[in-house]
There are 2 protein chains.
Amino acid sequence: METYRPADGWDALGDPTRRAIVECLAERPRAVGELAEALPISRPAVSQHLKVLKEAGLVTDRAAGARRIYRLNPAGVAALRDQLDTYWARALDAFQDVAGHPDEEKS
Amino acid sequence: METYRPADGWDALGDPTRRAIVECLAERPRAVGELAEALPISRPAVSQHLKVLKEAGLVTDRAAGARRIYRLNPAGVAALRDQLDTYWARALDAFQDVAGHPDEEKS
DNA sequence: ACGAACGGTAAGCTACGACTAACGTAATTG
DNA sequence: CAATTACGTTAGTCGTAGCTTACCGTTCGT
């Protein structure tokens, strides 16, 4: 048995190329070849990235003849958004005493 | 001159250890040593991760005597959240024709 | 002022992830 | 029924991210 870990949504978006793919798919659904010629990488590379994004639940695919149309999955995006929301809320919660510490270093 | 690329927020959260640090800091601000003993890595490793998170604008730090208190930056988290929101909105926009394609493959 | 606590930096090693090339498969076209 | 198009998968190479160890500057305590 292989020690196989299903890709997390954050891990998936951790790669800049995959973020570019996500941006492309946010505009409109596309086939693999379309994505490949819109990006500076080969088609197999796109295929591998799409596999990761699919495992993370960020995209869904649909067979259309010989081609395969990938589209962004709103539910997957929403899941990450909700997680950020909880971070954000808890951070604001622990942020109440910030007025008492004017020596904050932002840079 | 060095080709230095300031870390993106997504790149920063792409690492599971850094996500663990973010979760810790979401609870309450902590010093570097505190984070190190709460995680299975050494203190220098934590320091390097905090540097990345700081460059990404996800945390801010404040000197407190010999110690250095790191806290989560709500603005940085909100920035990522907003970006996900636009993806989400555009994905929903291009999702109107989904009823016409019942052969969606989710898994 | 000396020693200890705290933390950032440099050097070096290792492991994993991203990419290409080559191959195999399913579907369309002539 | 070839030939072509469109994808996925595998094998293999290469760069780099993440970790530890060692070292150095700062700040607090006694």
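All figures in this text were calculated on a predicted structure; none of them were measured in a lab. Each chain gets a letter, A, B and so on, in the order its sequence line appears, and its residues count up from 1.
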request  = Go through A:Arg28 and A:Leu72 one step at a time and tell me if the side-chain contact (heavy atoms from CB on, under 4.5 Å) criterion holds.
outcome  = CA-CA 8 Å; A:Arg28 58 182 165 84; A:Leu72 198 57; over 6 Å; no
remark   = Taking for A:Gly14 and for B:Leu50 the nucleotide of DNA chain C with the nearest heavy atom, the one nearer the 5' end belongs to B:Leu50
remark   = Separation of D:dT5 atom P from A:Glu34 atom CD, nearest Å, is 16 Å
message = Whole angstroms only, please: what is the CG-P distance between B:Leu35 and C:dG7?
response = 9 Å
message = Measuring from the side chain of B:Ala31 (C-beta onward, heavy atoms only), which nucleotide among D:dT27, C:dG7, D:dG8 has the closest atom?
response = C:dG7
inquiry  = Could you tell me how far apart A:Asp11 (CG) and C:dC16 (C1') are, to the nearest whole angstrom?
reply    = 12 Å
task = Respond yes when some side-chain nitrogen or oxygen of A:Tyr70 is under 4.0 Å from OP1 or OP2 of D:dG8, and no when none is.
result = yes
Could you go over nucleotides 19-23 of chain D and give all protein N or O partners under 3.5 Å, atom names and distances?
residue, atom, partner, partner atom, Å
D:dC19, OP1, B:Thr17, OG1, 3.2
D:dC19, OP2, B:His49, NE2, 2.2
D:dT20, OP2, B:Ser42, N, 2.8
D:dT20, OP2, B:Ser42, OG, 2.7
D:dT20, O4, B:Gln48, NE2, 3.2

First of A:Ala66 and A:Val52 reached from the 5' end of DNA chain C, by closest nucleotide = A:Val52
remark   = Closest heavy-atom pair, B:Trp88 versus A:Ala78, reported as atoms and distance to 0.1 Å, is NE1-CB, 3.7 Å
message = Please give me the minimum heavy-atom distance between B:Tyr70 and B:Leu25, naming the atom from each residue.
response = O-CD2, 3.4 Å
request  = For the helix from C:dA1-D:dT30 to C:dG30-D:dC1, figure out the bend between the end axes, five pairs an end, and round to 10 degrees.
outcome  = 20°
query = Looking at A:Arg81 and A:Asp85, does any basic side-chain N land under 4.0 Å from a carboxylate oxygen?
reply = yes
task = For B:Ala36 and B:Arg43, work out which heavy atoms get closest and say how close.
result = CB-CA, 3.8 Å
message = Distance check needed: D:dA17 P versus B:Arg18 CZ, whole Å only.
response = 9 Å
Shortest non-hydrogen contact between A:Asp11 and B:Pro16, atoms and distance = OD1-CD, 4.1 Å
task = Take B:Asn73 and B:Val59 through the test side-chain contact (heavy atoms from CB on, under 4.5 Å) and record every step on the way to the result.
result = CA-CA 5 Å; B:Asn73 182 16; B:Val59 302; 5.5 Å; no
ask   = For B:Glu34 and B:Arg67, what are the C-alpha separation, side-chain angles and deciding distance, and is it a side-chain contact (heavy atoms from CB on, under 4.5 Å)?
value = CA-CA 10 Å; B:Glu34 296 181 63; B:Arg67 304 199 312 171; 3.9 Å; yes
